[in-house]
Amino acid sequence: MKKQLLYILCLLVAGQMTVQQALAQGETTTRIVLEHGAHGGKRTDAAMQHWREYGLGQFIHWGVYAIPGGQWNGKTSTYAAEWFRTSGLIEKSEYDNLYKQFNPTDFDAKKWAKQAKQMGAKYMIFTTKHHDGFCMWPSKYTGYTIANTPYKKDIVKELVDAYTAEGIDIYLYFSIIDWSHKGYQANAPKTEADKARYETFKTFTRNQLIELLTNYPQAKGLWFDGSWDKAWIEQAAWVDDLGKELRAMSPGLIIGSRFRADEFGKRHEDSNGDLIDDYDQRFERNLPNSLAELKGNDWDCVMTIPENQWGYHRDWSLSYIKTPYDLIEMMVKANALDGNFVINFGPDGKGNIRPEETTIANRIGDWMAVNGAAVYGTHHSLLDKQDWGYSTQKDNNIYLSVFNKPMNNLVRVKLPKSKTKENVYVIDNAQLLSTKAPVQINGEGKTGTYYRDKTGASYYDLIIPESIRTSTQPFVIVIQLKEVDKKNQDDYMQAII
Ligand code: FHN
């Protein structure tokens with residue numbers, strides 16, 4: 001036994017095992033002391049609360065990769081367009097000179113911001129620098145920037161100003177991977193020379209991050225990417241210190257779980273299983289299915305419109321293109337599970353958001369204009385997940401977003417069992433969110449409830465109004481519940497029959 005304990009202790013110290021694994025081996029070990037794990041638990045400050053209420057965001061991937069747009073010399077890459085430098089279809093040296101042609105004369109930051117506003121986005125994440133290292137702002141730490149293109153103007157500034165003017169918060173995407181920097185390495189540096197080179201990269205990265213927060217103090221957060229490199233993971237203590245420095249520069253700054261690892265190389269969750277930094281960034285093109293798997297953490301989901309294209313790709317026939325319906329459903333699902341949903345756009349080399357993306361943004365905006373209350377500032381509701389769709393809640397309002405319209409036009413709603421033994425829940429009021437028209441409950445005034453199951457949950461059938469039966473759009477019914485005391489016979493009978 002002693003030996004086993006010692007062995008587990010050694011593994012923990014060496015970072016070969018997490019506390020959870022140790023527990024799974026029957027140990028009752030408590031937490032290990034981490035210097036660079038999660039700090040401080042879930043944030044409760046106003047900036048983070050504001051983040052939680054966004055509901056919908058916009059992501060924009062834009063850089064020199066928009067010039068080839070996934071195609072070169074008549075050949076098409078099926079891989080992500082923003083990775084085009086590695087596609088094998090272009091010489092790296094040729095790619096590295098493309099910036100000399102970058103001249104997006106159609107770019108109109110105000111137009112983009114207005115479109116995002118119409119879509120209903122409350123925040124925008126912009127790629128200041130993707131993996132190729134090209135900077136969309138005039139960084140003084142490299143020549144590989146927008147300042148040295150024919151366009152010259154500071155694109156990050158134009159966007160920060162335009163989106164801020166529309167009341168949309170800005171987050172700066174920053175790639176830790178930087179193929180343009182001589183000191184950059186993906187693998188952990190082994191030789192002294194490599195280590196020294198990597199130090200120059202660390203200094204460069206720190207300088208650029210400080211520069212970004214200095215130039216664009218309106219930024220509410222940094223959205224890191226590419227932090228999976230072994231070289232970066234090994235710098236846990238230094239990255240942690242850098243994070244603290246950045247947070248001190250910009251009070252309230254929001255940073256997700258893709259920035260740093262703990263001292264044992266654990267990413268996203270530290271070796272105690274706690275979320276590193278402010279929200280879980282693991283949901284890329286992927287949504288969770290239950291609250292349980294989220295462990296109460298804040299999170300966002302970033303989603304592409306085609307399958308796996310973030311930057312502009314000329315050929316959208318390569319994969320299924322998500323419809324406004326698909327994206328609205330994902331957005332509502334994300335919010336029903338307490339997350340934010342972020343839709344990506346990849347403008348072309350001239351600065352145009354492609355017409356297909358504009359149409360999608362407009363359709364989503366039309367839906368949000370009437371149904372946004374089901375998304376903004378809501379959280380998961382006290383209802384279980386049900387077949388017709390997803391439910392969200394704000395104060396006493398429960399929003400039933402119906403995506404699978406039942407053929408018989410009855411939306412059967414399962415209400416939870418009351419926590420008070422003698423009580424049951426009934427629907428006090430139901431109306432269509434879009435028109436405020438009352439929604440009739442089947443048997444209203446006679447029976448009210450369809451039935452109660454053995455757990456004490458009651459079921460109601462809401463009759464879908466005639467006016468929306470032929471609509472192909474998801475719709476929202478907003479309900480309020482009332483608890484009825486069993487002793488109040490009249491109400492109670494109405495509730496349980
Ligand atoms: O490699 C990138 C990819 O190009 C894109 O930027 C996404 C966005 O979340 N992040 C990386 C893959 O995880």
Side-chain angles (χ1 to χ4, degrees), residues 54 56-70 77-90 92 95 98 121 123-136 155-156 159 170-181 184 186 205 212 221-233 254-261 267-268 276-288 298-314 316 318-319 322 327 330-331 334 339-349 357:
Y54 288 141
L56 176 63
Q58 181 189 40
F59 208 156
I60 295 186
H61 273 69
W62 199 35
V64 290
Y65 42 79
I67 296 175
S77 163
T78 54
Y79 200 53
E82 71 283 0
W83 279 72
F84 195 70
R85 187 178 185 270
T86 64
S87 66
L89 298 185
I90 188 168
K92 293 206 164 99
Y95 182 94
L98 280 181
Y123 69 123
M124 193 276 257
I125 307 161
F126 182 67
T127 50
T128 61
K129 172 173 100 165
H130 204 261
H131 309 334
D132 59 10
F134 179 72
C135 300
M136 297 293 265
I155 282 176
V156 176
L159 286 169
I170 284 280
Y171 288 73
L172 306 177
Y173 169 108
F174 184 91
S175 169
I176 299 301
I177 296 174
D178 185 332
W179 298 320
S180 74
H181 193 273
Y184 168 74
T205 302
L212 280 172
L222 295 167
W223 205 100
F224 288 100
D225 202 2
S227 53
W228 52 78
D229 284 344
K230 199 84 180 89
W232 185 257
I233 289 173
I254 293 175
I255 297 177
S257 66
R258 284 195 198 192
F259 180 46
R260 63 187 180 93
R267 298 179 65 232
H268 301 290
I276 299 179
D277 289 330
D278 304 329
Y279 65 96
D280 194 334
Q281 271 186 297
R282 280 175 290 191
F283 296 96
E284 175 174 315
R285 299 189 298 115
N286 167 25
L287 284 164
D298 289 305
W299 63 280
D300 74 355
C301 164
V302 289
M303 186 58 69
T304 49
I305 297 175
E307 188 49 34
N308 185 21
Q309 297 292 344
W310 298 88
Y312 174 71
H313 198 300
R314 291 168 197 278
W316 258 22
L318 299 169
S319 74
K322 294 178 193 76
L327 294 161
M330 290 175 189
M331 168 186 64
N340 283 326
F341 189 69
V342 184
I343 304 173
N344 181 71
F345 292 74
D348 69 17
E357 286 180 345

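Just follow the structure's listing: the first ligand is 1, and inside any ligand the first atom is 1.
For Phe84 and Tyr95, the gap between ring centers reaches or exceeds 6.0 Å.
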Could you tell me, for ligand 1, which of its N or O atoms are under 3.5 Å from any protein N or O, listing the pairs and their distances rounded to 0.1 Å?
residue  : atom   : partner : partner atom : Å
ligand 1 : 1 (O)  : Trp83   : NE1          : 2.9
ligand 1 : 1 (O)  : His131  : NE2          : 2.7
ligand 1 : 4 (O)  : Glu82   : OE2          : 2.5
ligand 1 : 4 (O)  : Trp83   : NE1          : 3.1
ligand 1 : 4 (O)  : His130  : NE2          : 3.1
ligand 1 : 6 (O)  : His61   : NE2          : 2.7
ligand 1 : 6 (O)  : His130  : NE2          : 2.8
ligand 1 : 6 (O)  : Tyr173  : OH           : 3.4
ligand 1 : 6 (O)  : Asp225  : OD2          : 3.2
ligand 1 : 9 (O)  : Glu284  : OE1          : 2.8
ligand 1 : 10 (N) : Asp225  : OD1          : 3.3
ligand 1 : 10 (N) : Asp225  : OD2          : 2.5
ligand 1 : 10 (N) : Glu284  : OE1          : 3.4
ligand 1 : 13 (O) : Glu284  : OE1          : 2.7
ligand 1 : 13 (O) : Glu284  : OE2          : 3.1

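The only option from Tyr123, Phe126, Trp223 that meets the side chain to side chain contact (heavy atoms under 4.5 Å, CB included) definition with Phe59 turns out to be Trp223.
The closest side-chain donor-acceptor pair between His61 and Thr127, if any, does not fall under 3.5 angstrom. If you check the side chains of Asp229 and Tyr184, you find a donor sitting under 3.5 Å from an acceptor. Looking only at atom types and distance, the side chain of Ser227 has a donor-acceptor partner in the side chain of Arg267 under 3.5 Å away.
Between Tyr173 and His130, the ring-plane angle classifies as parallel under the 30° and 60° cut-offs.
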